[in-house]
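Start at 1 and go down the list; that is how both ligands and their atoms are numbered.
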Amino acid sequence: MKTVLRSNDPCWCGSGRKYKRCHKLSDEPVRPGNVSPRRSVPTSIVHPDYAEGGVPGSGSTSAIQKPEVIERMRRAGRMAAEVLALAAAEVAPGVTTEHIDEVVHEACIERGVYPSTLGYKGYPKSCCTSVNEVICHGIPDDRALRDGDIINIDVTVFVDGVHGDTSATYPVGEIAPESQELIDATREATWLGIRAVQPERPIGDIGKSIAGFVEPMGYGVVRVFGGHGIGERFHTSLHIPHYYEPRADTLLKPNMVFTVEPMITMGSYHHRVWPDAWTAVTTDLKRTAQFEHTVVVTKTGAEVLTLPPESR
Ligand code: MF3
Ligand code: CO
Ligand code: CO
């Protein structure tokens, strides 16, 4: 249980300074900052259909992909993981989320891939940066990261006509033990969800495994946002609940490709959206973490397409 510190108490980090002069700043609610103008992507890089008008067009909406598409998605997944790793290396106190977005954007262009979020349904940036109580879809802006924050960076790339989608949550400087525990539990829950993937088993198995692990620890599982089918389209109609939903009885089939991306909360799993129409925050402003991988169902389980460079 978190003990609530008062301003003049010594900080939890052991610095000997008063809490108000130390990590209290990172416990203040995240406020919207200034969003810089949209960056451009060279026309030599193939843009997805929604890049101009914002509206994703129709294409195959099935979650089962042809082997030829899966082969292309392996590359997209690898590229997304590579770009995420580069962005993660920038995380430090004082760095703005805008800077992280710039690193993602440039890394995409260097690789000849399009940052899938840019222009998607009007989304203005090349990745999502979700800090502390921001559940997902945080828009990079001029807010500088604070020592004690946690940040999820969500990178999706479009290359060779297909998308690869991955995210992870990182500590900024020194974080409180309960924030680290939340991150560790969320990472573990993501892998438990992925390991629950078995052909001919219901999709509900994934959330059963995730919720069965985190809920007894007192955490919440966000219900409104889930995993999604992915392929030539960023989001197909297939929805993957991360909580236990017995009605999610669609059977997993070999060559289905989708994301597992649980958002786990320290308190309420309910959300509110900022006036920017994107940023989703917990209603109680308690922290939340998320990890995401794009996976393909195999004959025996799941193949993860977005493994980070060091763990392939
Ligand atoms: N990458 C996010 C996901 O995991 C989607 C971001 S859509 C955006 O599905 F428009 F917010 F960028
Ligand atoms: Co996703
Ligand atoms: Co994502």
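Between His228 and Phe234, the two ring planes are perpendicular [angle over 60°; tilted spans 30° to 60°]. Ring geometry for Tyr114 versus Tyr50: interplanar angle over 60°, hence perpendicular rather than tilted (30 to 60°).
Among Val155, Val134, Asp154, Thr156, the one residue that satisfies the side-chain contact (heavy atoms from CB on, under 4.5 Å) test with Cys128 is Asp154.
Looking at residues two or more places apart in sequence or on another chain, you find a ring pair (Phe, Tyr, Trp, His ring centres under 6.0 Å) between His137 and Phe225, Trp278. Residues passing the salt bridge (Lys or Arg N to Asp or Glu O under 4.0 Å) test with Glu174, sequence neighbours excluded: none.
To the nearest 0.5 Å, atoms CD1 (Ile153) and CG (Asp101) are separated by 10.5 Å. Remark: Ile150 CD1 to Glu133 CD distance equals 9.5 Å, nearest 0.5 Å. The distance from the CZ atom of Arg146 to the CG atom of Asn132 is 9.0 Å, given to the nearest 0.5 Å.
The distance from the Co ion (ligand 2) to the nearest N/O/S atom of His228 is under 2.8 Å.
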Distance dump, ligand 1 polar atoms to protein, N/O, under 3.5 Å:
unit_1   : atom_1 : unit_2 : atom_2 : d
ligand 1 : 1 (N)  : Asp154 : OD1    : 3.2
ligand 1 : 1 (N)  : Asp154 : OD2    : 3.2
ligand 1 : 1 (N)  : Thr156 : OG1    : 3.3
ligand 1 : 1 (N)  : Asp165 : OD1    : 3.2
ligand 1 : 4 (O)  : Asp154 : OD2    : 3.2
ligand 1 : 4 (O)  : Asp165 : OD2    : 3.1
ligand 1 : 4 (O)  : Glu261 : OE1    : 2.8
ligand 1 : 4 (O)  : Glu261 : OE2    : 3.3
ligand 1 : 4 (O)  : Glu292 : OE1    : 3.0
ligand 1 : 4 (O)  : Glu292 : OE2    : 3.0
ligand 1 : 9 (O)  : Asp165 : OD2    : 3.4
ligand 1 : 9 (O)  : His228 : NE2    : 3.0
ligand 1 : 9 (O)  : His235 : NE2    : 2.8

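Near the Co ion (ligand 3), less than 2.8 Å away, sit the protein N, O or S atoms Asp154 OD1, Asp154 OD2, Asp165 OD1, Glu292 OE1.
With respect to the salt-bridge test (charged N to carboxylate O, under 4.0 angstrom), the residues Arg78 and Glu82 do not qualify.
You'll find the ring centres of His47 and Phe158 outside the 6.0 Å limit.
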